[in-house]
Amino acid sequence: MSRAPASGPVLLLAGLALFVAFVIAVLPRWMAPPVLTTGSPTASKPSSLPATSSSVAASPAASTPAPQPTEESVPRRVDPLPHASSPAARDDWSAAVSAGFAALERGAFAEALDTFTRADAARPGTAAVADGLVRARAGLLEEALNEHRSKAEAAEAREEWPEALAEYDAALRLEPAVAFAVDGRTRCAQRAALDEHLRRYLVKPERLSAEAVAREAAAVLEQAGEVQPAGPRLVAQRTALESLLAGMRQPVPVRLVSDGLTQVTILRVGPLGAFKERAIELRPGSYVVVGARTGYRDTRRTLVVPIGRSPAALDVRCDEAH
């Protein structure tokens, strides 16, 4: 028998099966949409190769948006120095600022002020330098105030009231409301005024011969007695003035000499008339003795009567004719 007629259908079925397999395997890949890549210049063009499902899954960029930069993730830019932006200049500026704060720690405020001033000139307006300048100036002010306070207190201890007053005034010019200087000035002004009153009576004790002046001196002496504590200078002044006032109350013998023709008068005491020699008693002090004679120029003499002892004889006469 002959088998030729059966091979034709077999071959036809085999070819049809291969075609179906090809369509199933390849056609879906041709029909899949192209994969787009965000930000790519060729995103609108189809890929020249078909994308497999495995390649899409393996690409994070295809499914997850790229992260955007935040303010924290971007490094901050350091402004360069206005007058010198080189790294060496920035290092010099940083070293100067560090040296300034080191000087503050040592209490070298003048050095710190100079250093921060130069740093501020190189790079104005930085917070660190501004803080350093404030602290340096405050330290210098405190140093100056402490120096004036020390000098004033030393002058007070010596009872040199005008000198102490000058130091407190200097402190108040730096800081008008500083408490120690306000209190010290009030205290020293009172003591300086008292010291000046006492000094006047002691330097010119003859003024005490006037009753009004003696009463004033007694009042000042009473005021001085109320000052506590009293230093050695005040105690000595009070003792001396007490002795002067007591001595001023004790008359002293005085001898006057004339020509028997001159009329003699002691101002604030009264006329004595004409005489050749006269003894009187006067309280200590300074007196003006006037001589007058007809046809002659008047004469004026000063008589100083010390406390507790008689002065030399005073000659009063008019001997110069008109």
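Because the structure is predicted, anything quoted here is derived from the model rather than measured.
At a threshold of 4.0 Å, the pair R233-D195 counts as salt-bridged, since one of the basic side-chain nitrogens sits closer than that to a carboxylate oxygen.
In this structure, M248 CE and L241 CG are separated by 10.0 Å, a value rounded to the nearest 0.5 Å. Note that the CZ atom of R199 and the CD atom of E196 stand 4.0 Å from one another [nearest 0.5 Å]. For the atom pair CG (L113) and CG (D120), the distance works out to 10.5 Å, reported to the nearest 0.5 Å. A distance of 10.0 Å separates OG in S258 from CG in L272, rounded to the nearest 0.5 Å.
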Full working for side-chain contact (heavy atoms from CB on, under 4.5 Å) between L221 and R238: CA-CA 6 Å; L221 184 60; R238 289 191 316 206; 4.1 Å; yes
Would W161 and L165 satisfy side-chain contact (heavy atoms from CB on, under 4.5 Å), going step by step from the backbone distance to the final call? CA-CA 6 Å; W161 307 109; L165 186 61; over 6 Å; no
side-chain contact (heavy atoms from CB on, under 4.5 Å) between V182 and F180: does it pass, once the steps are laid out? CA-CA 6 Å; V182 171; F180 80 86; over 6 Å; no
Go through R293 and D298 one step at a time and tell me if the salt bridge (Lys or Arg N to Asp or Glu O under 4.0 Å) criterion holds. CA-CA 7 Å; R293 180 183 177 187; D298 290 351; over 6 Å; no
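There is a side-chain donor-acceptor pair under 3.5 Å between D259 and T262. A side-chain N or O of Y168 and one of E156 form a donor-acceptor pair less than 3.5 Å apart.
Considering H148, R185, R149 as possible partners of E167, the one that fulfils the side chain to side chain donor-acceptor pair (under 3.5 Å) test is H148.
When all heavy atoms are compared, the tightest approach of L133 to F116 is CD2-CB, 3.5 Å.
Evaluation of the salt bridge (charged side-chain N to carboxylate O under 4.0 Å, His left out) rule for D131 yields R135 as partners, not counting sequence neighbours.
At least one donor-acceptor pair under 3.5 Å links the side chain of W93 to the backbone N or O of A119.
Enclosure of atom CZ in R118 by more than 12 non-hydrogen atoms of other residues, nucleotides or ligands within 6.0 angstrom is indicated.
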